[in-house]
Structures are given as C-alpha cells and as structure tokens.
2 protein chains.
Amino acid sequence: MNSNTYQNTKELIATAGLKATHPRIAVLHELLTNEEHPTAEQVHTALQPNNPSVSLGSVYRILEKLVEVGLARPVASRNGLKRYDARTDSHSHIYAVNTEEIQDYYDEELNDLIKGYFDKKKISNFKITEVKLQINGEKADPDKKVTIV
Amino acid sequence: MNSNTYQNTKELIATAGLKATHPRIAVLHELLTNEEHPTAEQVHTALQPNNPSVSLGSVYRILEKLVEVGLARPVASRNGLKRYDARTDSHSHIYAVNTEEIQDYYDEELNDLIKGYFDKKKISNFKITEVKLQINGEKADPDKKVTIV
DNA sequence: ATTCTAAATAGGAATAATTCTTATTTACTG
DNA sequence: CAGTAAATAAGAATTATTCCTATTTAGAAT
C-alpha cells in the first residue's frame, strides 16, 4: 500500500491506543479495503503476497483486538464462521444465501425509519448499541452486485 | 414428551417428506420448545437425559436436514457458532452482546414498516426471502428478558 | 542514536466445532 | 413379515479458532 495509506492506517491504530505494529496495519488496511466481510483465513490469504510472515494466529488475535477498540465490528453470519467489517457507520447487510456473500447496504431513509420506530418504543432491561437489517435472499447472477434503489 | 406432542412433531417431519425417525422427532421437538436459538451441542446436551443414544454427529446432520426442508432456520450470530431457530414466522432478533443470548422479537407494525419500505424499492439481481432486524445491545439484568413495547 | 522493556509476534500445538466414514439399525413400503 | 434405502451411532477426520512460548519489536526514555 502507498505510504500515505500506510500512515493513515497507522494513525488510526495509534489513535485507538494500540501499538502500531506492521501486522496490525496490514490487517486493518485489508479490512478497510475488502468489503466482503472476510474471515480471518481470508484476510490471512489476502495478506500473503505482500506480507508472507504475518501468521494466521496473529490475524485472529489482531482482528479481535480491532473489534475490542472499535476499529472493526464482527458480522453476524449463519455458516459458523467469524467475519469482520471495518465500516463503522450504521448500515445493513444483504445476505446472499446461495453464494454465501454478505454485501453492505446503506440508506439514510432506512436508518431514519428504524430510528423512528425505536424512538417510539419503551425498552426494558436492554441498551441498544446498533440495529441493522438482515436482508436474506438469493442472488441471480453471482458475478454482479445486488442493488436496491 | 407427551404422545400428542410426539405425534404432532412426527407429522411435521413426515409432511416435510422426511422419514420420521425418533432422533429427528426429538431434535425438532427440542428446537420447537427451546427458544434460545441453540447450537447443535446445546440441543444434544438437552436431549441427553431422555435420549442418551442420540449422537452429536446425528444432531448436526438432523439440524441441517431440518433447515433443508424448511422446518428450521439458521440464525446469524457473531461468535462463530451455528445456531438454529424453529420459528418460521417473520420476526427479528435481539442480540445481547454481554450475555451472548439471542431473543426473539415480534411486532406486526415493524413487519409492515419493513414490507412497506421494500415495496417502494427496485431490487436488482436479488430475490428477498426474509428480512429481519438484528437488534444489538447489552442486557442490564442477565436473569430477566428484554422487553420492547 | 541507543537502551530497555512491555507488548506483540511467529510458529506450532492444542482445543473446539463441525463434517465425514462405515458398520449397523430402522422406518416404511409392499 | 420381509426387504431395503435411508438413517443412525460411534468415532475418526477435518476445519476453525485459541493458546503457548521463545523471540522480536514499537516506542518511551535518555
């Protein structure tokens, strides 16, 4: 990655109070640029060409650390694999069941709708931190993105 | 379980085109009565007292089969475990992050709201099969249920 | 620039979760 | 009741994730 990007990613990590090690910078950068909500194994594979010494065990550990400090979020999935997302804005996920893909979906109107709904509700014994829509379905053409407009 | 319940569960299985074996009846009944969205291991543990010969490998296989025929649904979770739900009506899930619990949440108004939203949308390359909210947050008292009214 | 050290890492072992294999059992059809 | 395709138990194998330890390193202090 170019030195500007490297520096930016490094700063994100340092600002979060973590030691800005090279493996961490590499993992976070991969997560920021990979919008596929990858598993640890997929992140590790993607890093191999340019970072062959970053170990899989480290990738697992680093991802959990990034979640811990808020630089990443775990993504709910149904196939028993841990997945991650670097996007921290409020958005929803489209789950293509047939291709086992999870695609981001963002709509300010939807966010407002959900917020409005919960604003009217009385919630007991629970503090909501995040609400997202889980949109399950099947992709027609596996090579194209899903679009909702 | 009483013989009426056993018979009802057996009929659900037979109606779905599966051989109504005892292990299958036991697993489906456990899923119908356990609202905790259990893992295969939890279902197996729950069956032990009255069904000690049902093996863990069989529970895994049976759960996937129930999903295949529509008698169960996989539940999205973030901790890398496969969970299951026998409820097939349209509902959402409350994820208590601190207690790692998933609680059902049903509101017809919410369902209508979501349906209305998507009715206005143009969706390409995707066929929606199900939409639910993932309501993430933290439980205050771990021994009480979350309520949203 | 150098030293120091607490924290991070690589590498691999260990554990947990899930899937697969095979000999045996069984639900259901005829 | 007999037959048999499908299901199962039991355990092995595989995959996903976590843990351990010797070594390395980022960054603070000088």
Side-chain angles (χ1 to χ4, degrees), chain A residues 6-7 9-30 37-48 50-69 71-72 74-84 100, chain B residues 6-7 9-30 37-48 50-69 71-72 74-84 100:
Chain A
Y6 193 95
Q7 204 56 39
T9 311
K10 184 174 182 177
E11 276 168 26
L12 278 175
I13 292 171
T15 300
L18 296 183
K19 262 186 175 179
T21 64
H22 176 71
R24 284 177 174 172
I25 294 164
V27 168
L28 179 55
H29 180 257
E30 177 57 30
H37 311 90
T39 62
E41 163 77 27
Q42 288 167 336
V43 171
H44 180 248
T45 299
L47 292 186
Q48 278 310 291
N50 296 326
N51 302 275
S53 65
V54 176
S55 74
L56 178 58
S58 296
V59 175
Y60 273 99
R61 219 175 15 80
I62 290 167
L63 285 168
E64 285 304 315
K65 199 69 168 174
L66 293 177
V67 167
E68 199 178 299
V69 301
L71 286 173
V75 173
S77 76
R78 308 201 290 188
N79 65 359
L81 298 174
K82 281 188 166 184
R83 290 180 175 277
Y84 298 87
E100 297 223 337
Chain B
Y6 192 97
Q7 203 56 38
T9 312
K10 184 174 181 176
E11 276 167 29
L12 278 176
I13 293 171
T15 300
L18 297 183
K19 260 184 175 181
T21 64
H22 175 70
R24 284 177 173 169
I25 294 164
V27 169
L28 180 55
H29 179 258
E30 177 57 32
H37 310 89
T39 63
E41 162 79 28
Q42 287 167 337
V43 171
H44 181 249
T45 299
L47 292 185
Q48 277 312 288
N50 297 327
N51 302 274
S53 66
V54 176
S55 74
L56 179 56
S58 294
V59 175
Y60 273 99
R61 223 176 9 82
I62 290 168
L63 285 168
E64 285 305 315
K65 199 67 166 176
L66 293 177
V67 168
E68 198 179 300
V69 301
L71 286 172
V75 173
S77 77
R78 307 203 287 192
N79 65 0
L81 297 174
K82 282 188 164 184
R83 290 179 175 277
Y84 298 87
E100 297 221 335

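Per chain, numbering begins at 1; letters A, B, ... match sequence-line order.
Just one of Leu66(B), Val43(B), Val67(B), Val75(B) meets the side chain to side chain contact (heavy atoms under 4.5 Å, CB included) condition when paired with Tyr84(B); it is Val67(B).
Summarising the geometry of Ala20(B) relative to Lys10(B), their closest heavy-atom pair is CB-CG, 3.6 Å, with the distance given to 0.1 Å.
By the side-chain contact (heavy atoms from CB on, under 4.5 Å) test, Ala16(A) is found to be paired with Val69(A), Leu71(A), residues two or more places apart in sequence or in another chain being considered. Applying the side-chain contact (heavy atoms from CB on, under 4.5 Å) test to Ala46(A) and every residue at least two apart in sequence or in another chain returns Glu30(A). Shown here are the side-chain contact (heavy atoms from CB on, under 4.5 Å) partners of Glu11(A), two or more places apart in sequence or in another chain: Gln7(A). With sequence neighbours left out, the side-chain hydrogen bond (donor to acceptor under 3.5 Å, both in side chains) criterion links Ser77(A) to Asn79(A). For Thr39(A), the side-chain contact (heavy atoms from CB on, under 4.5 Å) partners at least two apart in sequence or on another chain are Glu41(A), Gln42(A), Leu81(A), Arg83(A).
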Requested in this report: Would you give a per-nucleotide map of nucleotides 6-14 of chain D, 5' to 3', where B means the base has a protein non-hydrogen atom under 4.0 Å away, S means only the sugar-phosphate does, and - means neither?
Outcome: SSBBB----
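Remark: P of dT15(D) and OH of Tyr60(A) are 12 Å apart, rounded to the nearest angstrom.
For the atom pair Ile62(B) CD1 and Leu28(B) CG, the distance stands at 10.0 Å (nearest 0.5 Å).
Taking 4.0 Å as the cutoff to heavy atoms of chain A, we find the contact window on DNA chain C bounded by dA6(C) to dG11(C).
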Would you be so kind as to tabulate the donor-acceptor pairs closer than 3.5 Å made by side chains of residues 51-59 of chain A, with sequence neighbours excluded?
| unit_1 | atom_1 | unit_2 | atom_2 | d |
| --- | --- | --- | --- | --- |
| Asn51(A) | OD1 | His22(A) | NE2 | 2.6 |
| Ser55(A) | OG | Ser58(A) | N | 3.2 |
| Ser55(A) | OG | Ser58(A) | OG | 3.0 |

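Rounded to 10 degrees, the angle between the two end axes of the helix from dA1(C)-dT30(D) to dG30(C)-dC1(D) is 40°, with five pairs used at each end.
Nucleic acid contact class of Ala20(B) (heavy atoms, under 4.0 Å, all strands): sugar-phosphate only.
Applying the salt bridge (charged side-chain N to carboxylate O under 4.0 Å, His left out) test to pairs two or more places apart or on separate chains, those with a residue in residues 52-67 of chain B are Glu64(B)-Lys82(B), Lys65(B)-Glu68(B).
Residue-to-nucleotide proximity on DNA chain C shows that, of Ala14(B) and Thr39(B), the 5′-proximal contact is made by Thr39(B).
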